[in-house]
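So the structure is just underneath, and the comments pick up after that.
The structure presented is a predicted model; accordingly, all values stated were derived computationally and were not measured.
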Protein chains: 2
Amino acid sequence: MTKSKELSKASVARLQLLLELLEQCEREQRQQITSSEIGEALGISAVNVRQDLFRLGSAGRPRVGYDVSHLIDLLRRLFDLNRPKRACIVGFGNLGRALAGSRIWDKAGYQLVAAFDKDSSVVGMELDSIRVRNISEIFGVIRAESIEMAMITVPASAAQEVANMVTAAGVKAIWNFAPVKLQVPTNVVVENQSLAWGLVALSHRTKQVGD
Amino acid sequence: MTKSKELSKASVARLQLLLELLEQCEREQRQQITSSEIGEALGISAVNVRQDLFRLGSAGRPRVGYDVSHLIDLLRRLFDLNRPKRACIVGFGNLGRALAGSRIWDKAGYQLVAAFDKDSSVVGMELDSIRVRNISEIFGVIRAESIEMAMITVPASAAQEVANMVTAAGVKAIWNFAPVKLQVPTNVVVENQSLAWGLVALSHRTKQVGD
DNA sequence: TAGATTGTTAATCGATTAACAATC
DNA sequence: TAGATTGTTAATCGATTAACAATC
């Protein structure tokens with residue numbers, strides 16, 4: 001409905017930082033903020049801020065700035081944070097368990113409703129009202145529970161197979177922690193969060209500076 | 001020493017995928033690979049591959065392609081994976097614990113040599129030969145152990161303070177899991193790995209497709 | 001030699017930055 | 001009104017893609 005021309009990935013990252021900042025402003029009872037204040041707080045230029053907000057369909061007022069709560073509302077809708085989205089974890093190892101109890105699901109509008117593993121010593125485990133099921137149940141549960149997102153935290157060698165299963169079951173988004181580029185149907189979104197890639201990128205960048 | 005003009009972030013990401021691919025080729029005893037084979041496997045264009053390798057200072061041979069083991073060597077040096085780099089974890093919660101025992105440290109050339117927390121119920125804990133110390137010891141230990149990288153997995157509200165401590169102690173790189181843009185001296189590298197940001201980005205992108 | 005593939009420059013595309021007009 | 005700030009177009013910068021020469 002909005003005429004948004006598709007924001008760049010970099011722009012989305014900046015707007016996420018902006019949302020954090022605005023929420024803090026709201027806690028401090030601030031009602032307006034200018035582009036240069038935002039830029040300073042976020043370490044980017046004021047022009048960059050205005051461009052981002054312009055593309056978003058901005059709503060600032062000259063001499064006053066932008067309305068904090070209106071912008072929060074705009075960003076929350078942009079990121080689709082208000083709609084409850086049902087999610088599951090596939091692979092209940094250390095990382096899966098660490099995230100199962102986390103508050104970030106709620107922050108992003110997700111509800112964690114199921115977890116799967118193939119290891120029988122893990123299946124049956126309960127954590128925060130989530131019972132771990134056998135991976136063989138995955139198709140039926142995703143359908144029955146209307147799960148639209150799967151977090152994949154299985155070993156790299158199993159990740160593609162899991163991706164095939166969850167997309168076949170109707171999942172529309174994959175949060176992929178395996179260091180693998182997944183092949184999925186074009187209507188499925190994959191967000192890669194491989195920690196291994198992050199760590200290697202850090203190693204690379206540290207070297208550059210050291211040179 | 002290499003004349004590298006600084007590869008773009010996107011290029012580094014592609015080259016990481018390439019390294020995985022090459023290591024698989026090596027396991028399969030393949031010795032050569034062409035840019036179009038690489039492109040197909042990685043889902044990018046062959047030209048893009050050649051450009052990346054050109055900037056890297058490439059070494060392919062017309063009609064033959066690139067030498068697998070030579071390219072692996074080049075990439076491992078590019079990412080600085082061979083040199084052992086000493087690292088610590090600050091904040092030994094669920095996420096910190098999940099990563100402490102992980103194999104990714106080794107894959108990226110890091111050695112995890114210390115962990116810190118401020119919670120007395122966690123301090124003293126041992127995991128994989130790492131004993132968790134009180135955060136008050138952080139300055140001395142980083143110096144004594146020549147730690148050059150700190151993984152920060154503390155709550156967002158404490159992250160900046162921790163960043164100040166570790167940079168004061170001489171750390172050159174921070175792997176930041178807190179959803180905060182850290183302010184650090186210019187010679188310190190920060191790689192952001194906030195899972196919250198990844199999850200929000202996924203939510204945003206899912207919405208776009210759904211429209 | 002002919003043909004396939006890389007190396008390298010040029011063209012295109014997109015994102016950021018600059019400039020300035022519009023507005024409160 | 002004057003001045004500060006946003007809205008919006010134009011210019012710059014950088015990354016990707018295309019073109020083709022060099023090479024085995």
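- Looking at heavy atoms from C-beta onward, A/Asp80 lies in side-chain contact with A/Lys85 at the 4.5 angstrom threshold.
- More than 12 non-hydrogen atoms from other residues, nucleotides or ligands lie less than 6.0 angstrom from CZ of A/Arg83.
- In this structure, A/Leu53 atom CG and D/dT5 atom C1' are separated by 13 Å, rounded to whole Å.
- Between A/Leu71 atom CG and D/dG7 atom P there is a gap of 10 Å when expressed in whole angstrom units.
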>> Let's go through B/Arg205 and A/Glu6 carefully: what are the C-alpha distance in whole Å and the side-chain angles of both, what is the deciding distance for salt bridge (Lys or Arg N to Asp or Glu O under 4.0 Å) to 0.1 Å, and is it a yes or a no?
In response: CA-CA 10 Å; B/Arg205 292 174 53 208; A/Glu6 290 178 41; over 6 Å; no
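- Nucleotide D/dT8 holds its C1' atom 14 Å from the CG atom of A/Asp52, rounded to whole Å.
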>> Could you go through B/Tyr66 and B/Thr34, starting from their C-alpha distance and side-chain angles, then the distance that decides it, and tell me whether this counts as side chain to side chain contact (heavy atoms under 4.5 Å, CB included)?
In response: CA-CA 6 Å; B/Tyr66 298 85; B/Thr34 66; 6.0 Å; no
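- A donor-acceptor contact under 3.5 angstrom links the side chains of B/Arg14 and B/Asn48, judged on distance only.
- Between the C1' atom of C/dA15 and the CG atom of A/Leu7 lies a distance of 12 Å, rounded to the nearest Å.
- Set against D/dA10, D/dT17, C/dT8, the side chain of A/Gln51 has D/dA10 as its closest nucleotide.
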Compile the donor-acceptor pairs under 3.5 Å between side chains in residues 19-29 of chain A and protein atoms, sequence neighbours left out, one pair per line.
residue: A/Glu20; atom: OE2; partner: A/Lys107; partner atom: NZ; Å: 3.3
residue: A/Gln24; atom: NE2; partner: A/Glu28; partner atom: OE2; Å: 3.4

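- Side-chain contact of A/Arg86 with A/Ser146: a donor-acceptor pair under 3.5 Å is absent, judged by distance alone.
- The closest side-chain heavy-atom distance from A/Asn176 to A/Gln193 is not below 4.5 Å.
- Under a cut-off of 6.0 angstrom, the local environment of CG in A/Asp119 is crowded, with over 12 non-hydrogen atoms contributed by other residues, nucleotides or ligands.
- A search for side chain to side chain contact (heavy atoms under 4.5 Å, CB included) contacts involving B/Ala59 returns B/His70, not counting sequence neighbours.
- Taking every heavy atom of residues 8-26 of chain B and every atom of DNA chain D, pairs under 4.0 Å involve B/Ser8, B/Ala10, B/Arg14, by number.
- Side chains of B/Leu53 and B/Leu18 form a contact here, defined as non-hydrogen atoms less than 4.5 Å apart.
- Annotation: proximity of residues 32-42 of chain A to DNA chain D (heavy atom, distance under 4.0 Å) is found for A/Thr34, A/Ser35, numbered in ascending order.
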> What string of B, S and - do you get for nucleotides 19-24 of chain D, 5' to 3', when a contact is any protein heavy atom under 4.0 Å?
Replying inline: ----BB
>> Could you spell out the base pairing of DNA chain D as a dot-bracket line? Use Watson-Crick and G-U wobble contacts where both distances are under 3.5 Å, [ ] for crossing pairs, | for partners on a different strand.
In response: ..||||||||||||||||||||||
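- To the nearest angstrom, P of C/dA15 lies 15 Å from CZ of A/Phe54.
- Atom-to-atom, CG of B/Leu56 to P of C/dT8 comes out at 13 Å; the value is rounded to the nearest Å.
- B/Leu95 has its side chain within reach of B/Phe177: a pair of non-hydrogen atoms, C-beta onward, lies under 4.5 Å apart.
- Residues B/Arg77 and B/Leu75 have side chains not in contact (no heavy-atom distance under 4.5 Å, counting atoms from C-beta outward).
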